[in-house]
Amino acid sequence: MSPRDDDIITADRDRLLGAALAHVPFDGWTAAALEAGARDAGFAPEDAADLFPGGIADAISWFSRWADRRMLAALEGRDLSNMPVRERIASAVEARLEALDSHCEAVRRGLSWLALPQNAPLAAKLLYRTVDDAWYAAGDRSADFSFYTKRGLLAGVIATTTLYWLDDRSEDGSDTRAFLARRIEDVLRVGSFARRAGGLCGKAPNPFRAFRDAVRRRYDFGNSRFT
């Protein structure tokens with residue numbers, strides 16, 4: 001497939017996703033929402049299956065990566081070089097939430113779907129890619145043990161801050177920004193302790209566990225097991 005073909009597919013998926021997001025709050029992440037979005041975007045209903053052959057998993061994955069791309073595009077327009085690390089990371093998380101600001105219900109329903117046990121591997125993959133993009137944009141080029149520690153810690157920050165943001169009714173999201181600042185301060189203290197303790201080998205946070213535990217606290221799945 002040529003780069004041009006990739007660009008066309010990306011544009012078509014973005015267009016279908018943008019239209020489908022208007023239906024997700026009512027229909028959930030379902031084939032019906034994708035087909036309705038396809039019609040709204042000028043595609044044939046069956047084109048939804050061609051553009052997202054993996055169905056809902058593909059659509060939610062694309063939604064997550066779409067938000068990541070929007071985050072990175074926003075950060076490219078900011079001068080991060082003179083910012084402390086905590087401000088760079090805060091900027092990345094805030095940029096991603098700003099990209100999702102009009103799609104809170106789609107995020108809520110997507111998290112609920114990803115929290116199901118059978119979707120755990122995909123949830124971990126998407127969270128990791130978001131975290132990795134955020135750290136890379138913040139200038140992190142580490143290749144040692146701290147590479148994993150930083151990503152594990154930020155996974156918890158993004159998971160809990162996103163859940164807090166979903167219920168934030170403060171003006172201009174000021175409560176979310178304050179919560180994010182506190183969470184970043186907490187993990188920087190943990191990271192500093194880990195370095196002083198020689199890396200705490202074998203005890204680095206598991207990125208998906210941070211996501212899973214945060215979502216489980218937010219949504220009640222009864223006796224569902226999370227593995």
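The figures that follow rest on heavy atoms only: side chains count, while hydrogens, waters and symmetry mates do not. Bear in mind the structure is a predicted one, so any value in this text is a computation, not a measurement.
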Item to complete: Evaluate side-chain contact (heavy atoms from CB on, under 4.5 Å) for Phe52 paired with Ile60, printing each intermediate quantity in order.
Response: CA-CA 10 Å; Phe52 297 115; Ile60 290 178; over 6 Å; no
Worksheet item: Under the 3.5 angstrom rule, does the side chain of Arg151 hit a backbone N or O of Val131 as a donor-acceptor pair?
Response: no
Worksheet item: Is there a donor in the side chain of Ser174 and an acceptor in the side chain of Asp172, or the other way round, less than 3.5 Å apart?
Response: no
Discussion item. Under 4.5 Å between side-chain heavy atoms, counting indirect links through other Ile/Leu/Val/Met/Phe/Trp/Tyr residues: same cluster for Val93 and Tyr164 or not?
Written reply: no
Item to complete: Find out whether Phe43 and Arg15 are in side-chain contact, i.e. whether some heavy atom of one side chain is under 4.5 Å from a heavy atom of the other.
Response: yes
Worksheet entry | Side-chain heavy atoms of Leu111 within contact of Leu163, under 4.5 Å | yes
Response to the item:
Value for CG (Leu17) from CG (Asp58), rounded to nearest 0.5 Å, stands at 12.0 Å
Worksheet item: So, do Arg69 and Thr10 sit near enough that their side-chain heavy atoms are less than 4.5 Å apart?
Response: yes
Worksheet item: With the 4.5 Å side-chain cut-off for hydrophobic clustering, are Leu97 and Leu154 part of the same group?
Response: yes
Worksheet item: When you check the side-chain N and O atoms of Arg183 and Thr160, is any donor under 3.5 Å from an acceptor?
Response: yes
Worksheet item: At their closest point, which heavy atom of Arg13 faces which heavy atom of Pro53, and how far apart are they?
Response: NH2-CD, 4.5 Å
Fill in: Interatomic distance, Trp66 atom CH2 to Asp68 atom CG [nearest 0.5 angstrom]
10.5 Å
Worksheet item: For the hydrophobic clusters of this structure (ILVMFWY residues joined by side-chain heavy atoms under 4.5 Å, transitively), does one cluster hold both Leu100 and Leu21?
Response: yes
Worksheet item: Between Trp29 and Val24, is there a donor-acceptor pair closer than 3.5 Å when you use the side chain of the first and the backbone of the second?
Response: no
Worksheet item: Ion pair present between Glu105 and Arg108, side-chain N to carboxylate O less than 4.0 angstrom?
Response: yes
Discussion item. Using a 6.0 Å cut-off, check whether atom CD of Glu171 has over 12 heavy atoms from anything other than its own residue.
Written reply: no
Response to the item:
In this structure, CG of Leu153 is separated from CD1 of Ile158 (nearest 0.5 Å) by 11.5 Å
Practice prompt. Could you please spell out the steps behind the side-chain contact (heavy atoms from CB on, under 4.5 Å) verdict for Val107 and Trp165?
Written response: CA-CA 11 Å; Val107 173; Trp165 164 80; 4.1 Å; yes
Practice prompt. Any chance you could measure Ile56, atom CD1, to Leu34, atom CG, to the nearest 0.5 Å?
Written response: 4.5 Å
Item to complete: State whether the side chain of Arg39 and the backbone N or O of Pro45 hold a donor-acceptor pair below 3.5 Å, judged by distance alone.
Response: no
Worksheet item: Which class fits the ring pair Phe63 and His103: parallel under 30°, tilted 30 to 60°, perpendicular over 60°?
Response: perpendicular
Worksheet item: What's the shortest heavy-atom distance between Ala19 and Gly37, and which atoms?
Response: CB-O, 3.2 Å
Response to the item:
Between the CG atom in Leu16 and the CG atom in Asp47, the distance rounded to the nearest 0.5 Å is 8.0 Å
Worksheet item: What closest approach, in Å, do Ala33 and Asp27 show between heavy atoms, and which atom pair accounts for it?
Response: CB-CB, 4.0 Å
Worksheet entry | For the student: nearest non-hydrogen atoms of Ala138 and Arg88, plus distance | O-NH1, 2.7 Å
Fill in: Shortest non-hydrogen separation from Ser91 to Met83 and the atoms involved
OG-SD, 3.9 Å
Worksheet item: Are Leu126 and Leu72 connected in a single hydrophobic cluster, I mean Ile/Leu/Val/Met/Phe/Trp/Tyr linked by side-chain heavy atoms less than 4.5 Å apart?
Response: no
Practice prompt. Salt-bridge test for Arg65 and Asp133: reply yes if a basic N is under 4.0 Å from a carboxylate O, no otherwise.
Written response: yes
Worksheet item: Of the options Leu75, Leu180, Thr176, which is the one that meets Glu94 in a side-chain contact (heavy atoms from CB on, under 4.5 Å)?
Response: Leu180
Practice prompt. Give the C-alpha distance, both sets of side-chain angles, the deciding distance and a yes or no for side-chain contact (heavy atoms from CB on, under 4.5 Å) between Leu51 and Trp62.
Written response: CA-CA 10 Å; Leu51 289 170; Trp62 195 260; over 6 Å; no
Discussion item. Would Asp132 and Arg129 count as a salt bridge (charged side-chain N to carboxylate O under 4.0 Å, His left out) here? Give the steps.
Written reply: CA-CA 5 Å; Asp132 195 48; Arg129 291 183 69 176; over 6 Å; no
Worksheet item: Can you name the closest pair of heavy atoms from Ala92 and Ala134 and give their distance?
Response: CB-CB, 4.0 Å
Worksheet item: Nearest 0.5 Å, what's the CD-CE distance between Glu76 and Met71?
Response: 10.5 Å
Item to complete: Verify the cluster assignment for Val157 and Val85: are they in a single hydrophobic cluster under the rule of side-chain heavy atoms below 4.5 Å apart?
Response: yes
Worksheet item: Do side-chain atoms of Asn119 reach the backbone of Trp113 as a donor and acceptor pair under 3.5 angstrom?
Response: yes
Practice prompt. Evaluate the side-chain hydrogen bond (donor to acceptor under 3.5 Å, both in side chains) criterion for residues Ser64 and Arg96: first the C-alpha distance (whole Å), next the side-chain angles of each, then the deciding distance (0.1 Å), finally the verdict.
Written response: CA-CA 10 Å; Ser64 179; Arg96 195 174 194 276; 3.1 Å; yes
